Amino acid sequence: MAFLCRRAASLLKPSGAAPALLSAARLYSSGAQYEYILVEKRGEKKDVGFIQLNRPKALNALCDGLMKEVGEALNAFEADGDVGAIVITGSDRAFAAGADIKEMQNRTFQECYSGNFLAHWDRVSTVKKPVIAAVNGFALGGGCELAMMCDIIYAGEKAQFGQPEILLGTIPGSGGTQRLTRAVGKSLTMEMVLTGNRIDAQEAKQSGLVSKVYPVDQVVSEAIKCGEKIAANSKIVSAMAKEAVNAAFELSLTEGNRLEKRLFHSTFATDDRKEGMTAFVEKRKASFQDK
Ligand code: CO8
């Protein structure tokens, strides 16, 4: 499927309200019509959902519309039985330079609180399928938070991570203080959150924020390869594995181990567990049916 932005899609609409609506609905349901993001399926088997943030002039600042579209694309990939993993990336210059400051500048407390401002951002962290962030350039504020909502972060050599909200007179609001602390510990998080200092890709790797660092032009392809590897496994069992790892951030060791054991037991209710073990015994490659 080729990239298709909303403007290009509108050129394809036939004239007349009803057909135009129908056409738009079809394009939308294929996940192809967006204004702020580019969406397609990647990988040899087209089993990796790919979302590229596409507001280059604003360094991919995360405006409300962009995050709504990310949510829609994630919903489409979540519902697509062929997709086994999702990659989110930006441009070489910026993964995302944070929430859109121009959009937030004149907001009042009442508007933020009553409207639960940016609550829908959390969609990234509730997706069942594994999500990989491929980060080049700036991942600042909400950009760093968006990367941390993903399950795996790959970084390009020139990536920079930071929570500079303090310099704007505010604090992280989408998990920065919580996920960064769990990823890199208290001292480095405090330093970043209280000074606005950024860390580079190497420091992010050393501190455990990212799992791999690649040359800038290889980050996306490596993330897709990782996605393909994940997509080759049982989707239902991958979702259980993801649920179990994420529980480590929420539960005590005893509760977490109990949940892990129950999920492990649950894999025995799937055909894929039987197939995986049978394939091993029969010395052949497993063919998972996601059942
Ligand atoms: N919002 C809006 N526009 C932005 C943003 C942003 N976060 N970042 C960059 N831009 C725009 C600039 O305004 C500029 O636009 P224009 O050309 O129209 O003036 C364009 O992008 C290019 O930026 P620069 O000219 O500044 O480029 P530089 O290379 O000089 O600098 C930086 C790049 C260092 C990334 C710089 O742009 C910068 O510091 N940006 C802001 C980074 C920041 O503070 N991010 C945190 C934002 S607050 C936040 O994310 C809170 C999240 C809370 C979530 C709450 C959920 C409930």
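As the structure lists them, so they are numbered: ligands from 1, and atoms in each ligand from 1. This is a predicted model, so every value here is computed, not measured. As a basis for the values below, the full set of heavy atoms in this structure was taken, side chains included, without hydrogen atoms, waters or symmetry mates.
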Is the closest side-chain donor-acceptor distance between S221 and Q218 under 3.5 Å?
-> no
Ring centres of Y214 and Y154 under 6.0 Å apart?
->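 So the answer is yes for these two rings.
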Is there a side-chain contact between P172 and V193 (heavy atoms, below 4.5 Å)?
-> yes
Any Lys/Arg nitrogen of R284 or E275 sitting under 4.0 Å from an Asp/Glu carboxylate oxygen of the other?
-> yes
With distance as the sole test, does E222 use its side chain to make a donor-acceptor pair with the main-chain N or O of V219 at under 3.5 Å?
-> no
Within 45° of the six-membered ring axis of F50 and under 6.0 Å from that ring's centre, is NZ or CZ of R42 located there?
->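 Yes, cation above the ring, under 6.0 Å and within 45°.
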Near ligand 1, at a heavy-atom separation below 4.0 Å: residues by chain and residue number = K57, A58, L59, A61, R93, A97, G98, A99, D100, I101, K102, M104, F117, L118, W121, F138, L140, G141, G142, E145, P164, E165, L168, G173, S174, R198
